[in-house]
Amino acid sequence: MREVLESIPPHVTLVAVTKFASLTAMHQAYAAGIRHFGENRLQSAQEKYPHFQAYPDLTWHLIGHLQRNKVKKALQLFDWIHSLDRLELAVEIDRLIPVVGKSPQLLLQVKLAPDPAKFGWEPDQLLATVPQLLQLPHLQIVGLMTILPQGVVGEAAYEIFQRIHPLKAQLEAQGLHLPHLSMGMSADYQEAIRAGATIVRIGSKLFNAKT
Ligand SMILES: *Cc1c(COP(=O)(O)O)cnc(C)c1O
């Protein structure tokens, strides 16, 4: 864990992905200074959350696909949602923010390379949707999130991560403001940081889980 912590520069936020982590490991992560936890399933967060009520300085991130009928619960649990991946979901989040009284930081999940196995917007599709997103008054969209196709590592990963910058520029030209870039996991976070990530999401390398 130390080794990973020491390899993250201070301007990058480490989200410790806890999908395979025990509660004990999570408490150890907290003791080591980690303040951001990421879960890809709402249900797991719901089970773990009560064990950390004593730590009010924790920030909870939803990084996995969110079903529309679970938005209310997600708003109650999470401070950040990295997986805003379709307009229908954006509309539902916007509708429920005033109802729940909580407004998470939202990241738009994009595909920088075609990948039928992943959720997320194709760049063109997202660019075409911006006018509709801008009409949803409660949304706090603050950045982009991406996951690379399975097996892409090293320089190939770096080059794909770099594609986020022209996309971000085009989206910002349409009126969004996207200072946060959530990219990089255990296998590719060094390349992601080199390519400008502001948030990395690391699970197995931090918790030594077998994946
Ligand atoms: C599991 C997961 C991670 C962390 O993956 P590791 O390879 O274990 O670091 C990051 N992001 C998302 C969306 C995930 O589901």
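Whatever order the structure lists them in is the order used to number ligands and atoms, beginning at 1.
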Per-residue contact class, Lys205 against ligand 1 - non-hydrogen pairs under 4.0 Å: neither
Distance-only N or O hit between ligand 1 and Gly203, under 3.5 Å: yes
Sub-4.0 Å atoms of ligand 1 with respect to non-hydrogen atoms of Ser204: 6 (P), 7 (O), 8 (O), 9 (O)
Aromatic ring proximity Trp60/Phe37, centre distance under 6.0 Å: yes
Enumerated ligand 1 atoms positioned under 4.0 Å from heavy atoms of Lys19: 1 (C), 2 (C), 3 (C), 14 (C), 15 (O)
Ligand 1 versus Ile63: contacting region, heavy-atom distance under 4.0 Å: both
ILVMFWY cluster, Ile199 and Leu178 together (side-chain gap under 4.5 Å): no
Electrostatic pair Arg194:Glu155 at N-O distance under 4.0 angstrom: yes
Sub-4.0 Å atoms of ligand 1 with respect to non-hydrogen atoms of Ser186: 6 (P), 7 (O), 8 (O), 9 (O)
Tyr30 ring center near Tyr55 ring center (under 6.0 Å): yes
Contact atoms of ligand 1, heavy-atom distance to Ile147 under 4.0 Å: 13 (C)
side-chain hydrogen bond (donor to acceptor under 3.5 Å, both in side chains) between Glu39 and Thr18, worked out: CA-CA 6 Å; Glu39 270 292 337; Thr18 55; 2.6 Å; yes
Numbered atoms and elements of ligand 1 in range of Ile202, under 4.0 angstrom, heavy atoms: 9 (O)
Check: His180 ring centre within less than 6.0 Å of Trp80 ring centre: yes
